[in-house]
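These numbers come from a predicted model, not from an experiment. First listed ligand is number 1; within each ligand, the first listed atom is number 1.
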Amino acid sequence: MGLATYRRKRNFSRTPEPDGGAHSTKGAGAGRHYVIQKHAARRLHYDLRLEDGGVLKSWAVPKGPSLDPKEKRLAVEVEDHPIEYGSFEGVIPEGEYGAGRVLLWDRGHWIPQGDAAEGLQKGRLKFRLEGEKLQGGWNLVRLRNREEGGKPNWLLIKEDDETAAAQSERNILEERPESVASGKGLDDMTQGGENVWHSDR
Ligand code: MN
């Protein structure tokens, strides 16, 4: 997909988001970063991003991830984002695309189980997460029934393993609402002075 769509949607003289011009390519064998950003846009959602081929493959998950394998969470495929976006936490100004607060909810690495490119193409991606909040096996499964020209819908499903838990017993979103970068909650973030860049280690 590349970053053309990402750039077209944004005015970088107005938003603190990265334009993807710097170090957006990585050599083969580089670590695969994983991040989930909690995004208080018009509707609160969680953006799942997996590093692949020099960009962050991205899905918007309206209800966020669940540790319960029985909870299949809708994940709407969105445009690729630049690698630097993975360390972004801040406020996108009013009137700009995706306006609202972005909080770094989880980060770490992901490990594809099998060939990632093939999984993405076939719509069945099996992977492990080594994040600060999410771990273990996960699946992204693309749905067939998508509207013509619409964004592909996927389901994000926890693998039934030792890191799984029933939704009634553990709600990871309520248990750990804070930023892994700043420890802040969404309510602590305000526009102006909060366009924080946390360098990625
Ligand atoms: Mn978003």
Side-chain angles (χ1 to χ4, degrees), residues 1-20 24 32-52 55-66 71-108 110 120 125 127 129 131-134 138 140 142-143 146-147 149-157 172-174 176-182 184-191 194-198 200:
M1 214 191 289
L3 297 175
T5 306
Y6 172 86
R7 292 197 178 106
R8 196 172 60 238
K9 289 180 170 180
R10 292 168 176 80
N11 178 350
F12 296 105
S13 64
R14 290 191 42 85
T15 178
E17 297 165 291
D19 63 12
S24 57
R32 286 171 178 265
H33 289 106
Y34 140 74
V35 64
I36 290 181
Q37 281 148 326
K38 189 173 176 179
H39 186 183
R42 249 173 308 180
R43 284 185 185 168
L44 179 73
H45 60 271
Y46 292 76
D47 290 302
L48 166 67
R49 310 194 195 281
L50 303 175
E51 179 183 351
D52 182 66
V55 294
L56 294 173
K57 295 284 168 196
S58 298
W59 292 262
V61 185
K63 291 173 119 179
S66 170
E71 291 278 328
K72 298 175 169 65
R73 295 287 162 93
L74 175 67
V76 181
E77 191 178 319
V78 298
E79 74 271 21
D80 294 346
H81 279 53
I83 299 290
E84 308 96 283
Y85 207 96
S87 51
F88 176 71
E89 178 168 283
V91 182
I92 302 170
E94 207 62 47
E96 298 305 303
Y97 182 74
R101 294 156 289 167
V102 176
L103 176 153
L104 212 44
W105 185 77
D106 196 20
R107 66 183 167 193
W110 73 286
L120 284 164
L125 189 65
F127 56 101
L129 289 180
E132 295 180 35
K133 295 176 185 173
L134 301 186
W138 293 80
L140 272 166
R142 191 168 56 216
L143 298 170
R146 68 154 152 149
E147 291 169 46
K151 291 171 180 169
N153 288 338
W154 299 62
L155 294 174
L156 176 66
I157 311 163
I172 189 71
L173 305 178
E174 289 180 0
R176 302 289 307 277
E178 83 289 355
S179 161
V180 290
S182 62
K184 287 183 176 178
L186 277 178
D187 293 344
D188 304 321
M189 301 175 70
T190 51
Q191 194 167 340
E194 279 298 341
N195 299 335
V196 189
W197 270 92
H198 296 280
D200 200 6

Trainee: Nearest to the Mn ion (ligand 1), which N, O or S atom of D47 do we find?
Mentor: OD2
Trainee: Quick one: does V35's side chain get under 4.5 Å of L104's, heavy atoms only?
Mentor: yes
Trainee: Could you tell me whether the side chains of W110 and E51 share a donor-acceptor contact shorter than 3.5 Å?
Mentor: no
Trainee: Please state whether the rings of H81 and Y85 are parallel, tilted or perpendicular, taking 30° and 60° as the class boundaries.
Mentor: perpendicular
Trainee: Could you pull out the atom name of the N/O/S atom in H45 that is nearest the Mn ion (ligand 1)?
Mentor: NE2
Trainee: For the side-chain hydrogen bond (donor to acceptor under 3.5 Å, both in side chains) test, which of R8, K9, K151 pairs with E79?
Mentor: K9
Trainee: For N/O/S atoms only: which one belongs to H39 and is nearest the Mn ion (ligand 1)?
Mentor: ND1
